[in-house]
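Here is the structure we will look at.
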Amino acid sequence: MAAAGAEAAAEEEKRLPEGDPESGGDSDDEGDSDSSGDGEDEEKENEAEIQRLEEQLSINAFDYNCHLDLIKLLRQEGELVKLRRARQKMSELFPLTEEIWLDWLKDEIKMASEVNEREKVYELFERAVKDYICPEIWLEYAQYSIGGIGQEGGIERVRSIFERALTAVGLHVTKGTALWEAYREFENAILETAQPAPGSIPSPEQQQVLCSQLEKIHTLFRRQLGIPLLDMEASYAEYEEWSEEPIPETTIKNYKKALQQLEKCKPYEEALLGAETPKLAEYQAYIDFEMKAGDPARIQLIYERALAENCLVPDLWARYNQYLDRQLKVKELVLSAHDRAVRNCPWTVGLWIRYLLAMERHRVEHSIISEMFEKALNAGFIQATDYVEIWQAYLDYLRRRVDFTQDSSKELEELRSAFARAVEYLKQEVEERFSESGDPSCTIMQNWARVEARLCNNMQKARELWDNIMTKGNAKYANMWLEYYNLERAHGDTQHCRKALHRAVQCTSDYPEHVCEVLLTLERIEGTLEDWDAAVQKTENRLARVNEQRAKAAEKEAALAKQEEERAEQRKQARAEKKASKKAKKTRTGDKRKADEDDEGEWGQEEELPSKRHRGEGDGMLPEEDMEVETGLFGRSEKPDGPAAPKEKASTSRKDIPKVFHDSSKDKVTVFVSNLSYTMAEPEAKLRELFGSCGEVVEVRAVFNNKGTFRGYCYVQFGEEEAARQALALDRTAVEGRPMFVSPCVDKNKNPDFKVFRYSTTLEKHKLFISGLPFSCTKEELEEVCKAHGNVKDIRLVTNRAGKPKGLAYVEYENEAQASQAVLKMDGLTVKDHVIKVMISNPPLRKLPERPDPSKASLVLPRQIYGARGKGRTQLSMMPRALQRQSNPVAKAENGMVQNSPAASSEPPAEPKKMSNADFAKMLLKK
């Protein structure tokens with residue numbers, strides 16, 4: 001306490017302001033007084049900020065950025081005691097980066113003057129070199145140790161540190177040379193002190209010391225020249241100049257071999273030098289190269305170099321630890337790597353599991369393994385299933401400690417207690433946080449039951465556990481009953497097997513036939529006649545009830561379908577009556593034709609109209625029969641009479657355009673553009689200008705309806721495929737206030753499974769899904785909130801087809817660590833009086849619509865396939881009602897063709913005649 005008080009007093013002395021009398025400042029100077037006042041205000045603000053950061057860390061000690069901010073502020077204020085404490089707390093939770101360690105070490109070196117203080121700095125260096133393999137820290141360590149050369153054993157201590165440094169980073173191609181040169185300079189300095197005075201003759205003892213020291217320097221040169229390092233040629237030239245003897249042939253041979261190896265490494269080093277962070281691909285290529293070479297020391301070093309720059313990549317840690325576990329198998333090295341892995345990526349359950357296995361493999365004490373498991377539980381996993389996995393790994397470890405030849409033991413009781421604690425932990429802690437236990441099938445309880453039945457011969461306990469499993473909603477699944485049955489079959493008795501199967505027949509709802517079959521098989525082999533009769537009666541009654549329930553469900557479904565058909569028929573009749581009433585009011589042919597044109601709904605529902613495309617999906621091209629609607633189905637050129645003439649005036653030029661049928665051979669150079677505004681003026685010119693930056697635009701085919709109104713979609717044809725590919729990058733570009741959809745031109749009739757969705761639909765641990773945002777929240781405002789928890793790579797606000805926000809967003813961080821921290825801090829945050837929900841992005845599976853049976857296409861008219869939102873009001877079918885009303889089974893119109901039934905004539909069917917738009921019009925107007 002006295003030492004701490006002295007340190008605080010000394011620190012206060014250092015922090016005296018310039019205007020203080022003790023510092024020699026002039027307090028009467030008006031300018032100095034103003035500066036002093038500003039300094040006091042700034043100091044108060046900093047003290048308040050320090051207090052706020054400390055309170056925040058007391059709530060969430062794993063806030064990495066908060067630790068950094070606090071350390072930076074305390075260093076700025078010169079609060080040495082608090083600064084030491086803050087750095088100490090952070091180093092206990094996280095491995096510190098090279099920059100943080102060097103700042104800490106330099107601050108402590110400045111303050112260390114006494115011998116005991118120097119020892120504390122040595123201890124700090126020892127901690128620093130364990131976090132990462134950093135050449136700069138090792139070099140600083142070695143140079144600092146030279147300052148203690150005058151102490152007892154100082155020279156040997158320096159040499160020991162240099163040797164450890166060379167072992168750790170002496171093979172570093174680009175930074176290893178500095179350590180070798182520093183080591184040689186130290187030995188040369190020792191050589192200078194061992195030289196006799198000028199003019200004196202050295203004694204035999206002095207001569208022996210000189211020879212020994214010269215040999216040390218020779219050895220260092222030879223060792224260095226055998227390692228592929230940058231500037232090897234300069235080191236070789238320096239050795240030639242320094243050595244009074246010719247360089248041995250063995251050294252020259254090793255030098256040339258190292259030069260050859262350096263040439264092989266140079267491409268990988270140059271790739272790293274030119275690559276941008278995080279350089280994962282370049283490091284992986286380098287690792288693969290060293291793995292083929294097979295030098296364990298070099299493999300370890302390249303892994304450490306990669307991890308120093310990518311310490312938050314769990315897969316890289318996993319591969320490194322796997323290599324150490326399977327190849328090197330050195331206890332201290334393996335356990336150190338595993339410890340650093342879980343400290344860097346504590347949210348990754350796989351790293352914790354590997355660490356527990358490594359500790360067990362190297363026979364670490366049970367208390368230490370248990371303590372590490374408790375740390376794992378507090379690591380903050382991001383999925384409920386992660387807790388199930390870590391508990392299962394720990395329970396496996398405890399099970400391997402038990403000697404089951406004894407009826408009772410301390411290890412067995414500990415195992416049973418851990419099983420019970422695991423079940424309770426998943427039920428309370430995990431379920432409260434994730435709204436699920438992560439173990440719906442009760443795998444931990446199943447394993448507990450297996451241990452009791454097979455290893456402890458305690459079938460009664462196993463039955464109790466299975467009874468508990470079935471009460472958790474698993475009694476309706478056949479596989480759960482059969483799992484229990486197999487356990488009873490192996491370790492129980494026939495009576496309990498029969499009882500389990502009878503209960504299974506009664507409760508199973510997914511595969512009752514399977515359970516019934518197993519029961520009958522059991523009674524066929526082991527049962528009496530009475531047992532057989534009871535089983536047959538039980539299964540028959542159960543299957544009869546199941547079939548009855550299925551029949552009722554089918555009837556209900558059929559009734560619903562019938563009701564839907566009746567409602568459709570009613571709507572159809574209502575439209576027909578409306579049409580008849582309109583026709584009755586018209587006295588002239590032109591008026592009648594105008595009424596037909598106004599009522600576009602008479603043509604039914606259109607399949608997959610692009611303007612109703614589902615969010616995120618691409619649109620393929622329309623079928624050829626839909627293509628004709630670009631210029632109208634009737635192909636009329638005359639103007640309708642009456643009051644409708646002014647409306648048609650603007651679109652007359654559109655109707656005079658000849659039909660352009662789609663050329664599927666140009667699909668690769670064509671894109672489909674949709675979700676455009678219907679009121680867009682001159683869409684061809686607008687889109688030609690918009691897509692002109694992608695390449696040569698050959699043609700823009702905008703689609704219009706019968707009245708000449710733009711329908712909101714078109715086809716853009718380019719001169720080259722590359723231009724079409726570049727055009728896809730304009731997808732969702734805002735055009736006149738709406739997001740424009742751009743997708744490949746693909747015939748969905750020929751490619752029904754084709755979908756375009758530019759975003760991932762699987763779990764992305766580095767991306768967040770945010771809901772509950774206010775509609776007024778902008779991308780910039782959301783970025784301000786999110787960037788406080790890590791580096792934000794991208795933010796996407798979800799909008800509807802009109803470009804209006806939906807209160808949802810996706811935020812992508814650089815890595816999983818930042819994303820997991822953001823979830824913990826932002827979930828439940830209030831943004832503009834809206835409480836937002838934040839979770840890891842894991843979209844639900846997209847449901848695809850069922851397709852009609854192609855074998856029945858010739859028997860009934862094809863039924864409409866609607867999207868996930870049902871049938872839109874603007875979806876129109878190109879099948880005229882005149883054809884849909886035909887009831888004659890002999891001749892049916894299908895896809896614009898009239899087909900004759902084979903039963904009507906014994907002659908081969910004639911080639912079907914294609915019908916034009918005029919034919920369709922005549923057929924309809926007959927009605």
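In this chain, numbering begins with 1 at the start of the sequence shown.
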Practice task
Fit a plane to each ring of His218 and Tyr239, take the angle between them on a 0 to 90° scale, and name the class: parallel (under 30°), tilted (30 to 60°) or perpendicular (over 60°).
Solution key: perpendicular

Practice task
Quick one: sort the Phe125 and Tyr141 rings into parallel, tilted or perpendicular, breaks at 30° and 60°.
Solution key: parallel

Does a donor on one side chain and an acceptor on the other come within less than 3.5 Å for [X] and [Y]?
{"X": "Glu290", "Y": "Tyr303", "value": "no"}
{"X": "Asn188", "Y": "Glu192", "value": "no"}
{"X": "Tyr183", "Y": "Glu163", "value": "yes"}
{"X": "Gln322", "Y": "Arg354", "value": "no"}

Where is the tightest heavy-atom contact between [X] and [Y], given as atom of each residue plus distance?
{"X": "Leu139", "Y": "Ala182", "result": "CD1-CB, 3.8 Å"}
{"X": "Arg118", "Y": "Gly148", "result": "NH2-N, 3.2 Å"}
{"X": "Ala61", "Y": "Leu93", "result": "O-CD1, 3.0 Å"}
{"X": "Pro314", "Y": "Glu816", "result": "CG-OE1, 4.0 Å"}

Practice task
Taking atom CD of Glu99 as the centre, report whether more than 12 heavy atoms of other residues, nucleotides or ligands fall under 6.0 Å from it.
Solution key: yes

Practice task
Determine, step by step, whether Tyr64 and His789 satisfy the ring pair (Phe, Tyr, Trp, His ring centres under 6.0 Å) criterion, reporting the C-alpha distance in whole Å, the side-chain angles of both residues, the deciding distance to 0.1 Å, and the verdict.
Solution key: CA-CA 9 Å; Tyr64 189 88; His789 313 298; over 10 Å; no

Practice task
From the options Arg127, Arg84, Lys120, select the one residue that forms a salt bridge (charged side-chain N to carboxylate O under 4.0 Å, His left out) with Glu108.
Solution key: Arg84

Taking the six-membered ring for Trp, are the ring centroids of [X] and [Y] within less than 6.0 Å of each other?
{"X": "Tyr144", "Y": "Tyr122", "answer": "yes"}
{"X": "Phe373", "Y": "Trp352", "answer": "no"}
{"X": "Tyr320", "Y": "His338", "answer": "no"}

Salt-bridge test for [X] and [Y]: reply yes if a basic N is under 4.0 Å from a carboxylate O, no otherwise.
{"X": "Arg305", "Y": "Glu269", "answer": "yes"}
{"X": "Lys82", "Y": "Glu77", "answer": "no"}
{"X": "Glu49", "Y": "Arg52", "answer": "yes"}
{"X": "Lys279", "Y": "Glu276", "answer": "no"}
{"X": "Glu263", "Y": "Lys266", "answer": "yes"}
{"X": "Lys106", "Y": "Glu140", "answer": "no"}
{"X": "Arg87", "Y": "Asp107", "answer": "yes"}

Problem - Donor-acceptor pair, side chain of Ser370 and main chain of Ser367, under 3.5 angstrom - result: no

Problem - N/O donor-acceptor pair under 3.5 Å between Thr193 side chain and Ile190 backbone - result: yes

Donor-acceptor list for residues 330-337 side chains, cut-off 3.5 Å, not counting sequence neighbours:
none

Practice task
Evaluate the criterion salt bridge (charged side-chain N to carboxylate O under 4.0 Å, His left out) for residue pair Lys130 and Asp339; output intermediate values, then yes/no.
Solution key: CA-CA 10 Å; Lys130 289 179 181 178; Asp339 183 68; over 6 Å; no

